[in-house]
Amino acid sequence: MDLIDIRKKLKKNLDKERYEHTKGVMYTAGCLAMAYGYDVDKAMLAGLLHDCAKCIPTKEKFDLCDKHHILVSTIEHENPGLLHAKLGAVLAEEIYNIKNPDILHAIKVHTTGEANMNLLDKIIFVADYIEPKRCEAPRLGELRQIAFHDLDRCVAEILYDTLHFLKNKKGAIDSATQLTYEYYKQFRKEA
Ligand code: DGI
Ligand code: FE
Ligand code: FE
């Protein structure tokens, strides 16, 4: 499947806002790849597809997890939004015919992150948070600058803010997100 077909299919499977976000992540991932010497096309493709499972209705998400033998933890059951990352990796392969394991892995971990991520994982994790259409997060201006000169620190600050946001709204914290932060907090710099 070529890039044009992927984009067409994706546009059908996402709502308008999500498709716009997806394009923002794609271009931002491309820019970060340039800054850190990573394959630009590969980063853009991962960015394009990272949220490919986001707009699937909840019931169908559970059914698809069942079908593909994806284990659903209690916290994922209670916060099914989290499942779009794992499910996205499976659908990117199945529906969009992506075979590259790095791209599939970056999609899989893009929401919670994981300890010691590789460069593509970090590019997608950061691009998702800082892309131009994202506007609700605090200190976006600062994080957008940090992203282009210290990627590990940017990952750490994003996790810090995300955990803070979840604690504030009394959202359940996935142990995966907590573990990712425990690893990346070494790269934080107190203001
Ligand atoms: O899919 P996007 O909205 O583009 O971004 P994303 O995949 O990073 O998802 C962001 C949401 O995921 C954000 O509202 C915070 C939430 N999230 C991240 N880690 C956790 C979490 N939600 C819960 N409940 N628990 C987590 O550990
Ligand atoms: Fe996402
Ligand atoms: Fe996203």
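For ligands, and for the atoms within them, numbers begin at 1 and follow the listed sequence. For the numbers below, each heavy atom of this structure counts, side chains included, while hydrogens, waters and symmetry mates do not.
Under a 4.0 Å criterion applied to the non-hydrogen atoms of His21, ligand 1 contributes the atoms 4 (O). Which parts of ligand 1 touch His110 is read off a 4.0 Å heavy-atom cut-off, strictly below it: atoms 7 (O). Numbered from 1 in the order shown, with element, the atoms of ligand 1 that lie under 4.0 Å from a heavy atom of Asn79 read 24 (N). Applying the 4.0 Å criterion to heavy atoms of Ile173 picks out, from ligand 1, the atoms 25 (N), 27 (O).
At most 12 heavy atoms of other shown residues, nucleotides or ligands fall within 6.0 angstrom of atom OH in Tyr27. The environment of Glu17 atom CD is sparse: at most 12 non-hydrogen atoms of other residues, nucleotides or ligands sit within 6.0 angstrom.
Scanning all heavy atoms of the two residues, the minimum distance from Thr111 to Ala85 falls at OG1-CB, 3.6 Å. When every heavy atom of His50 is checked against every heavy atom of Val25, the shortest pair comes out as CE1-CG2, 3.5 Å.
With no hydrogens or angles considered, a side-chain donor-acceptor pair links Asn13 and Tyr96 at under 3.5 Å. Side chain to side chain, His110 and His105 fail the donor-acceptor criterion of an N or O pair below 3.5 Å. With 3.5 Å as the limit, one finds a donor-acceptor pair spanning the side chains of Glu76 and Ser73. Side-chain polar atoms of Lys23 and Tyr19 form no donor-acceptor pair below 3.5 angstrom.
Separation of the Phe187 and Tyr184 ring centroids falls under the 6.0 Å cut-off.
In this structure, atom 26 (C) of ligand 1 has protein heavy atoms in its sub-4.0 angstrom surroundings. Under the 4.0 Å distance rule, the nearest protein heavy atom to atom 23 (C) of ligand 1 falls inside the cut-off.
Distance from atom 13 (C) of ligand 1 to its nearest protein heavy atom, with residue and atom name: Phe165 CE2, 4.6 Å. Counting only heavy atoms of the protein, atom 19 (N) of ligand 1 lies nearest to Thr177 OG1, 3.2 Å. In this structure, atom 15 (C) of ligand 1 lies nearest to the protein heavy atom Thr162 CG2, 4.2 Å.
For Lys122, the salt bridge (charged side-chain N to carboxylate O under 4.0 Å, His left out) partners two or more places apart in sequence, or in a different chain, are Asp152.
Between Thr111 and ligand 1, at least one N/O pair is under 3.5 Å apart.
Its N, O or S atom nearest to the Fe ion (ligand 2) is what matters here, and for His84 that atom is NE2.
Using a 4.0 Å cut-off between heavy atoms, His84 contacts ligand 1 through its side chain alone, with no backbone atom that close. Contacts of Leu166 with ligand 1, taken as heavy-atom pairs under 4.0 Å, involve the side chain alone. Only side-chain heavy atoms of Leu82 come within less than 4.0 Å of ligand 1; its backbone N, CA, C and O stay farther off. With a heavy-atom cut-off of 4.0 Å, Asp128 touches ligand 1 through its side chain alone. Neither the backbone nor the side chain of Glu76 comes within contact range of ligand 1; no heavy atom lies under 4.0 Å. Contact annotation for Asp174 and ligand 1: heavy atoms of both the backbone and the side chain come within less than 4.0 Å of the ligand.
Looking at Lys189 and Glu157, no side-chain N of the basic residue comes within less than 4.0 Å of a carboxylate O on the acidic one, giving no salt bridge. Ion pair Lys16/Glu20 not flagged as a salt bridge, since none of the NZ, NE, NH1 or NH2 atoms sits closer than 4.0 Å to an Asp/Glu carboxylate oxygen. Ion pairing of Asp128 with Arg134 is present here, as a side-chain N (NZ or NE/NH1/NH2) and a carboxylate O approach within less than 4.0 Å.
Ligand 1 does not have Thr112 within reach: every non-hydrogen atom of the residue lies 4.0 Å or more from it. At least one heavy atom of Ala172 lies less than 4.0 angstrom from ligand 1.
In this structure, Lys9 and Met1 have side chains that are in contact, with non-hydrogen atoms separated by less than 4.5 Å. No side-chain heavy atom of Met44 sits less than 4.5 Å from a side-chain heavy atom of Leu48. The shortest distance between side-chain heavy atoms of Ile56 and Leu91 falls below 4.5 Å.
Note on the Fe ion (ligand 3): protein N/O/S atoms under 2.8 Å are His21 NE2, His50 NE2, Asp51 OD2, Asp128 OD1.
For atom 4 (O) of ligand 1, the nearest non-hydrogen atom from the set His50, Arg18, Lys54 belongs to Arg18.
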